[in-house]
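Proteins get letters first, then strands, A, B, ... in listed order; numbering begins at 1 in each.
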There are 2 protein chains.
Amino acid sequence: MAGSTLRDVARRAGVSIRTVSNVVNGSVPVSDELRVRVQAALDELDYRPNLVARNLRRGRSGMIALVVPELDVPYFAELAREVITAARTHGYVVMLDQTDGDGERERELLGRESRATMFDGLLLSPLSISADELRRRTNRVPVVLLGEHIFNGSFHHVAIDNVAAARDATEHLLGLGRRRIAAIGDQPYSTGETAQLRTTGYRQALERAGLTVDEQLIVPTPRFHRHLGAEAMERLLALPEPPDAVFCYNDLLAIGAMHTLARAGVRVPDDIAVVGVDGIQEGRYSSPSLTTVAPDKAAIARTAVSTLLGVIDGSAPAPTEAKAPHRLLVRQSTTGAPVD
Amino acid sequence: MAGSTLRDVARRAGVSIRTVSNVVNGSVPVSDELRVRVQAALDELDYRPNLVARNLRRGRSGMIALVVPELDVPYFAELAREVITAARTHGYVVMLDQTDGDGERERELLGRESRATMFDGLLLSPLSISADELRRRTNRVPVVLLGEHIFNGSFHHVAIDNVAAARDATEHLLGLGRRRIAAIGDQPYSTGETAQLRTTGYRQALERAGLTVDEQLIVPTPRFHRHLGAEAMERLLALPEPPDAVFCYNDLLAIGAMHTLARAGVRVPDDIAVVGVDGIQEGRYSSPSLTTVAPDKAAIARTAVSTLLGVIDGSAPAPTEAKAPHRLLVRQSTTGAPVD
DNA sequence: CCCACGCTTTGCAACGATGCAGAGATGATG
DNA sequence: CATCATCTCTGCATCGTTGCAAAGCGTGGG
């Protein structure tokens, strides 16, 4: 009942512990006669290997940790799903933790008393910890970073091309004839790299189209949540000359913005077109459905996991910069066409 | 670099391994002089305890697993967030896995080669595994079940009162004067207990109001996903006499249903009122915003975690049935009033 | 002056598994 | 028939930590 060990099984089958281990692992040949006897004992005692002990001996835990800011943000939930799936194909399981974007929590995670040592590696989607700090603290555990923040070449890193993604979104709006295009989600301070890259892409698209950027139309938000998108949209509507399109830095901001527009009786896309980033499922069924730039989350997850495992087994020590593909999904919020 | 051990630190400080251990753990008193010396060595070598070894010795891992069908289903993501938070207050971390509602995967999880032995306990939200099977397989690991499925008294179990929740939702619609109320999401087969309980509550409400149930208006769905809600709604609209309200067994079904209604030009709530269950964030910002019966997820998580820890430390061996509270959040999809 | 007591410190064993090297049995070969 | 290679099987050491019991040491009381 309380969990039988190799010893118990060995005693019962009248063989050595080592032989039982060989039967369990199947790596070393065992004679048919003994194998049958041992197998019977294994079944009778319902033996289950103690993985903690196995891990100690083997020096590997078969676990990686995925740390995201917030698990209830759909993008991270969907990404987590893909990471768990990708890890499983390599025989790994995933421990999940969330930092709430709290730098303290992120720091704690890498501190001395953390459980990080229990994992073979760490996938980290950092929000507020700085590059230096991260470098100082992660000299033990293999780390791969997800998303933009911190990538000055000292860490393995997987992300989409955020500048191109933002440019694609903005150019889509330009292609629809919109000329007064707002942007929601800039973060013009040290830890807002992702947002800043998207701002760059937004500016590039406008400039290439020969338009000047109206700084009033760039509304910063401290995070990427629905209610902040709603508030930002209110500010845009209050302008003397409101926009005819909005590029939101993620889908949640876009959904918040559309919420405000619906309440204000502004038609989407007729009066204002809306596009987001992330390609979350929620956007397929919103009213109107949301045009979005969707990162290939499965690709991000696969790349991140295999990179991390490469670091773990020492075959890929030099930091890599991997770019995952993204594509524009056109839906009602920009074209009005009820596509799915 | 490769991780120093107690041995390394002991050698450096010129004391025994045991003393270093005592300093690290702080449980046994150590003289000031030695403590300082050992601490210095700890710092110099940047010692981090090997948690795998510690776990082996202590027989506890400080980890629990949370297994849900799909992490990208918002309800589970939001619940997972709460579970992680609740576990953290007890010093536990959470490993997350998903089964995709696949019975095979659920079985595998409890099978001989599973990693379940690595965890002190298991929070399981089962979809398709049967009670018998579960009982046969979990004689090793402490388990607490989340949600309805399987609760014949042999397992610890935390859920809301699904009958009451469904009744509340239906009565809300009745209170608005609706009389032809449909239900989307029944699952009239062995593993659909949750759905069946909601059907029971739905029937109760109608019967108490003196109405007869029109079986045509109960549309089953194999899962609780947006597209199935959309399809179900199409079937209801095709009826000679469509409903004037719909009770959906979860918010995703409701959002799918509203998607169909929007495309068909049916007004919500004027023509058809819609109510869901789960209280996911998505429903606050949908257009129209979604009336829903919201389980207290934080309460579910807290109760589940503390129950599980009780089982683990042996203080709560007898299976308990815990009911978490729920409440109706009234929004536009039933009243038209733009409440947040 | 000796003994007992309390406090700190230590060595040994153990948690349950696997790597390694060698023991024993078996069969093939000269 | 002796020798050697081959194939199973086994015992021992080890992964890094903590529980346990006892050793060492200093102090105070009889």
When you measure from the side chain of [X], which nucleotide among [options] comes out closest?
X     : options                : answer
B/T5  : C/dT10, C/dT8, D/dG16  : D/dG16
B/N50 : C/dT18, C/dT10, D/dT17 : D/dT17
B/N25 : D/dC9, C/dA17, D/dT18  : D/dT18

Looking at D/dT10, I'd like to know if its phosphate oxygens (OP1 or OP2) sit under 4.0 Å from a side-chain N or O belonging to A/T19. yes
To the nearest angstrom, how far is [X] atom [atom1] from [N] atom [atom2]?
X     : N      : atom1 : atom2 : answer
A/L51 : C/dT18 : CG    : C1'   : 14 Å
A/L45 : C/dG16 : CG    : P     : 14 Å
A/L6  : C/dT18 : CG    : P     : 6 Å
A/L34 : C/dG24 : CG    : C1'   : 14 Å
A/R7  : C/dA14 : CZ    : P     : 8 Å
B/L56 : D/dT17 : CG    : P     : 12 Å
A/N55 : C/dG16 : CG    : C1'   : 11 Å

Show each protein N/O and nucleotides 19-23 of chain D N/O combination with a separation under 3.5 Å, one pair to a line.
residue, atom, partner, partner atom, Å
D/dG19, N7, B/R18, NH1, 2.3
D/dC20, N4, B/R18, NH1, 3.3

Considering only heavy atoms from C-beta outward, does the side chain of [X] approach that of [Y] to under 4.5 Å?
X      : Y      : answer
A/Q98  : A/F76  : no
A/H156 : A/L145 : no
A/K323 : A/I160 : no

N-O pairing of A/R60 and A/D313 below 4.0 Å: no
Sugar-phosphate, base or nothing in reach of B/V30, heavy atoms under 4.0 Å: sugar-phosphate
